There are 2 protein chains.
Amino acid sequence: MPQRSGRIPGKSRPVKSVGRAKLSDVAARAGVSAVTVSRALRKPEMVSDDVRRRIDAAVRELGYVPNYLASALASSRTHIIGVVVPSLTNGVFVEYLKALHDAFLPKGFQVLVLNSRYSQDEEERAIATLIGHHAEAMILAGIDQTDRARKLLEGSGVPVVQTMELAEKPIDINIGMSQRGAGYAATRFLLDLGHRKVAHIAARVDFRARRRMEGYQKAMADAGLDSDGMVIANLMQSSVQRGAELFTEMLAKAPNLEALFCCNDDLALGALFECQRRGIRVPEDLSIIGFNDLDYCASAYPALSSVAIPRYEMARRAAEIVLEIIRGSGSRPKQTRIDLGFEIVARDSTARRTRGSARGPRTTRALAK
Amino acid sequence: MPQRSGRIPGKSRPVKSVGRAKLSDVAARAGVSAVTVSRALRKPEMVSDDVRRRIDAAVRELGYVPNYLASALASSRTHIIGVVVPSLTNGVFVEYLKALHDAFLPKGFQVLVLNSRYSQDEEERAIATLIGHHAEAMILAGIDQTDRARKLLEGSGVPVVQTMELAEKPIDINIGMSQRGAGYAATRFLLDLGHRKVAHIAARVDFRARRRMEGYQKAMADAGLDSDGMVIANLMQSSVQRGAELFTEMLAKAPNLEALFCCNDDLALGALFECQRRGIRVPEDLSIIGFNDLDYCASAYPALSSVAIPRYEMARRAAEIVLEIIRGSGSRPKQTRIDLGFEIVARDSTARRTRGSARGPRTTRALAK
DNA sequence: TTATAGGATGAAAGCGCTGTCAATGCCGGC
DNA sequence: GCCGGCATTGACAGCGCTTTCATCCTATAA
């Protein structure tokens, strides 16, 4: 005979959440059964007004908060969207996450964000964690998952969206842009302004940054230019400070620099500040272009040129598609690989090369320090 | 007789995670019972080598991922730390969250971050959500929770840490600093440099920003100065761009400005750029100090003075205390209210007022636009 | 009046795991 | 050759909720 549920006095297990009210407590207080309380909370229109009022009162009096774990286990609905990004501090992902929150929260979903810290292994672990939490969909920044991660994702049976970049063989859905193409275009833009000595600096080089750099190298090669000695790629964390440092380093290698393509805006801003510090005029002596087009680019002096990537739109579309799949349970979207492109935003920090004016004074000053 | 578990053909419930392997599947494949698998996964040293090997193999072959929900429900251990911050984009909280992640993840806890978007109601909802998820501790940015939120927190029975500010009556544990005092000190710093016309600009004014402003006003009043017409407080989102705008607005109200205290560094950077644009020399014509001392302050040209707040340390200490409580189950720390202070970081954007040189040309130019 | 929807409520089972305790097998020691 | 003790393993109940299906009651039609 199964024993009466409840705690056996003197032999109770270590109680965690002491005295926390549960469904049956509310039910007892309202004088109804537990099922009715459950219903009243989820589909209030299914119970009578009188009962609903009594239950509401009981809930308030007891400070009842439903146990989400039990609910999720019983219904196999977690309302969790799993997200993995490589960084929580990078401005790009900050806005990307904001877009995801904005899209999912109003629809009753929680967004569970895990940080892979630019490591494939940590990403794999994060993915396993999210699968363990039974996330109803998975949104990943990047396309470079490990084999095991791919297997796990495929086995999970939930929609997976890879973003930020275009994949050759997407796991499921892919919304992105060509990082390589964007790197090529940014470099091409500088070349088209008449610059020949175009350098590239990068920090925290991950897969995406690497492909941007490849774009830079291709554009240089296509223009018949040598990019050897014009690249500094650093694995340390990117920051404004780092931008100043790498630019300084570059100046030592290539004092007659004409244009600088920075892997991201932080580096570009740091380089700009360093120019001001050294009296290098931007854009007269040096053209600078960043990447990502963060908020501050437009406000800087001179306003920074950059490459705008559709980070908000990528997140929005990912959310849209995921919600559609979850709703329509199973109806896959017709298009599963979407290229959202990018845009070169030309501002005051880049200008056409003017013969003569630039060369002399700048390099002198640049070397002075 | 309870029916045999398993799906009744033709009448099965809507299956969510089709065919996802569970503990019993692994057990069957390894030829052991489910409990043994559970043990092998959690305390490998408790099972024999042979069994462990077979189980590991089965896990791999089936791509088994434990159902975290079921595990948490059964053990009443979620390993989740609940965190509520008012913004996911503000640089301060970005670093604060990073510190929390760094502290908790290595200890086997997940950090569940919810965004209150500077709204008390949303914060209350976030807190309820976290309680529903049975977070094992709660770390909140700020001290201004609603009454119901406080009740929920007290009823939850888990440690609660309020951070970023010092509370009169903490809910539980409080690690912070005096925002008001910091505002006072920053203003005092400018006054001590000989400035009289000291203005304050603020955006996205929340409780903390308001108290910083009160500090500013008190410092002005204590110095016998009038702060009327020297303050612009804006409720819109803060950004570099906004800094330029508010500074421009302030210039119209107070053309003979000598020093500017910005509510945060983004505004200060925007104001700095605007000065460059207008040919206002910093610090000769105008001293500028920001707040938070974000990374880029030190790199800007001129380097921005700011007020450094111990955001990393607040998070670290909060995590430390929480971990101690969870471990030692019940042993409260002796000190439950910790003041971590702040620091005025004087850099090149602030300087002693020099008679004459400043006044004339600057105001002219300032008014020019 | 009696049959008959249809709305409101409840009883039972089970989601996938873990805690507890009992059962089994094997060792050396007497 | 029997027993205590240790190392392994398994059976069972239950975490707090939802799903399913049965039951009850009232209102309406016949």
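None of the values given here were measured: they were computed from a predicted structure. Letters go in sequence order (proteins before strands), and every chain restarts at 1.
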Tell me whether the side-chain N/O atoms of Tyr64(B) come closer than 4.0 Å to OP1 or OP2 in dG16(C). no

For dT9(D) and Ser48(B) - does any side-chain N or O of the residue sit under 4.0 Å from the phosphate oxygens OP1/OP2? yes

So, under a plain 3.5 Å distance rule, would you say the side chain of Arg42(B) forms a donor-acceptor pair with the base of dG19(C)? no

When all nucleic acid strands are considered with a 4.0 Å heavy-atom cut-off, which category describes Val47(B): base, sugar-phosphate, or nothing? sugar-phosphate

Does Lys22(B) come within less than 4.0 Å of Asp25(B), counting only side-chain N to carboxylate O? no

Plane angle bin for Phe109(B) and Phe104(B) - parallel if under 30°, tilted between 30 and 60°, otherwise perpendicular: perpendicular

Per the atom types in the model, does the base of dG10(D) pair as donor or acceptor with the side chain of Arg39(B) at under 3.5 Å? yes

Does Thr36(A) place a side-chain N or O at less than 4.0 Å from the phosphate oxygens OP1/OP2 of dT9(C)? no

Using the side chain to side chain donor-acceptor pair (under 3.5 Å) rule, take Thr336(A) and Arg332(A) through it: C-alpha gap first, then chi angles, then the decisive distance, then the call. CA-CA 8 Å; Thr336(A) 58; Arg332(A) 312 303 280 184; over 6 Å; no

For the pair Lys98(A) and Asp102(A), find out whether any cationic side-chain nitrogen is under 4.0 Å from an anionic carboxylate oxygen. yes

Determine: side-chain N/O of Ser76(A) to OP1/OP2 of dC15(C), distance under 4.0 Å, yes or no. no

Phosphate OP1/OP2 of dC17(D): any Ser38(A) side-chain N/O under 4.0 Å: no

With a cut-off of less than 4.0 Å, is there a side-chain N or O of Ser33(B) near OP1 or OP2 of dT9(D)? no

Given dC17(D), dG10(C), dT18(C), identify the nucleotide with an atom nearest to the side chain of Ser75(B). dT18(C)

Ranking dG10(D), dC17(C), dC17(D) by distance to the side chain of Leu23(A), first place goes to dC17(D)

